Engineer: 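First the structure, which I've put down as structure tokens, then a few questions once you've had a look.
A quick note: this is a predicted structure, and the numbers were derived from the prediction, not measured.
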Amino acid sequence: QVQLVESGGGSVQAGGSLRLSCADSRYTDMWYGCMAWFRRAPGKEREGVASIDIDGHTSYADSVKGRFTISKDNAKNTLILQMNSLKPEDSAMYYCAADPVYRGGSTCQAHSYLPLSGQGTLVNVSS
């Protein structure tokens with residue numbers, strides 16, 4: 001059974017950086033068709049943040065473009081979200097999501113809903 005585990009959250013001042021990681025606790029080979037990060041802030045709807053497909057094509061929400069970078073560390077079999085120039089409005093629980101199947105580029109976008117997700121890691125950005 002797949003179990004995605006996020007880490008790297010924390011508290012940081014505005015303008016700072018955090019690096020989130022996501023690993024499959026059960027398998028060392030994370031050849032998922034699509035992986036993504038989404039976030040949910042208290043009282044707000046889910047927001048897709050970024051995605052990356054099996055070929056390395058990426059997609060970002062407009063709100064994070066130029067500040068966040070999604071990538072895969074194949075050597076460590078982890079999904080990474082590098083977050084720079086953080087703003088208070090970035091504060092949220094961040095979740096890793098994945099689809100074991102590649103269903104085409106149009107289905108692997110920042111806003112896409114993927115079938116698997118982790119428990120989340122909390123990011124708090126203070127002004």
Engineer: Looking at Ser51, is its backbone amide N or carbonyl O close enough to the side chain of Ser59 to form a donor-acceptor pair, meaning the two atoms are under 3.5 Å apart?
Structural biologist: no
Engineer: When rounded to the nearest 0.5 angstrom, what is the spacing between OG in Ser11 and CG in Leu122?
Structural biologist: 7.0 Å
Engineer: Just verifying a value: how many Å separate Ile80 CD1 and Met35 CE, rounded to the nearest 0.5 Å?
Structural biologist: 10.0 Å
Engineer: Does the side chain of Tyr32 reach to within under 4.5 Å of the side chain of Asp24, using non-hydrogen atoms?
Structural biologist: yes
Engineer: Using a 3.5 Å distance criterion without hydrogens, assess whether the side chain of Gln82 forms a donor-acceptor pair with backbone atoms of Arg19.
Structural biologist: no
Engineer: For Leu86 and Val12, which heavy atoms make the closest approach, and how far apart are they?
Structural biologist: CD1-CG1, 3.6 Å
Engineer: Check the pair Lys65 / Asp62 against salt bridge (charged side-chain N to carboxylate O under 4.0 Å, His left out), numbers first and verdict last.
Structural biologist: CA-CA 5 Å; Lys65 277 182 182 177; Asp62 288 342; 3.2 Å; yes
Engineer: Output the distance between atom CG (Leu79) and atom OG (Ser71), rounded to the nearest 0.5 Å.
Structural biologist: 7.0 Å
Engineer: Got a second to check how far Gln13's CD is from Asn124's CG, nearest 0.5 Å?
Structural biologist: 11.0 Å
Engineer: Going by salt bridge (Lys or Arg N to Asp or Glu O under 4.0 Å), name the pairs with one or both residues in residues 43-60, residues two or more places apart or in two chains.
Structural biologist: Arg39-Glu47
Engineer: In Å, rounded to the nearest 0.5 Å, how long is the span from OG of Ser127 to NZ of Lys87?
Structural biologist: 13.5 Å
Engineer: Tell me the closest heavy-atom pair linking Ala23 and Thr78, and the distance in Å.
Structural biologist: CB-CG2, 3.9 Å
Engineer: Can you tell me which residue pairs pass the salt bridge (Lys or Arg N to Asp or Glu O under 4.0 Å) test with a partner in residues 101-111, sequence neighbours excluded?
Structural biologist: Asp99-Arg103
Engineer: Hey, does the side chain of Glu6 reach the backbone of Thr121 with a donor-acceptor pair shorter than 3.5 angstrom?
Structural biologist: no
Engineer: In terms of hydrophobic clustering (I, L, V, M, F, W, Y; side-chain heavy atoms under 4.5 Å; direct or indirect links), are Trp37 and Phe68 co-clustered?
Structural biologist: yes
Engineer: For the atom pair OG (Ser21) and CG (Asp73), what is the distance rounded to the nearest 0.5 Å?
Structural biologist: 8.5 Å
Engineer: Please name the pair of heavy atoms, one in Ala110 and one in Ala61, separated by the smallest distance, quoted to 0.1 Å.
Structural biologist: CB-N, 3.7 Å
Engineer: Taking ring pair (Phe, Tyr, Trp, His ring centres under 6.0 Å) as the test, write out the residues that go with Tyr95, two or more places apart.
Structural biologist: Phe38
Engineer: Has Ser85 got a side-chain atom pairing as donor or acceptor with Arg67's backbone, closer than 3.5 angstrom?
Structural biologist: no
Engineer: Cluster partners of Ile54, using ILVMFWY side-chain heavy atoms under 4.5 angstrom, listed by chain and number?
Structural biologist: Tyr102
Engineer: Run the side chain to side chain contact (heavy atoms under 4.5 Å, CB included) test against Thr58 and tell me which residues pass, sequence neighbours left out.
Structural biologist: Ile52, Tyr60, Ile70
Engineer: Show the nearest heavy-atom pair for residues Pro115 and Ala98, with the distance to one decimal.
Structural biologist: CD-O, 3.4 Å
Engineer: Is the count of non-hydrogen atoms from other residues, nucleotides or ligands lying under 6.0 Å from Gln119 atom CD greater than 12?
Structural biologist: no
Engineer: With sequence neighbours excluded, tell me which residues meet side chain to side chain contact (heavy atoms under 4.5 Å, CB included) with Val123.
Structural biologist: Leu18, Leu20, Met83, Tyr94, Val125
Engineer: Give the minimum heavy-atom separation between Ser91 and Ala41, together with the two atoms involved.
Structural biologist: O-CB, 3.6 Å
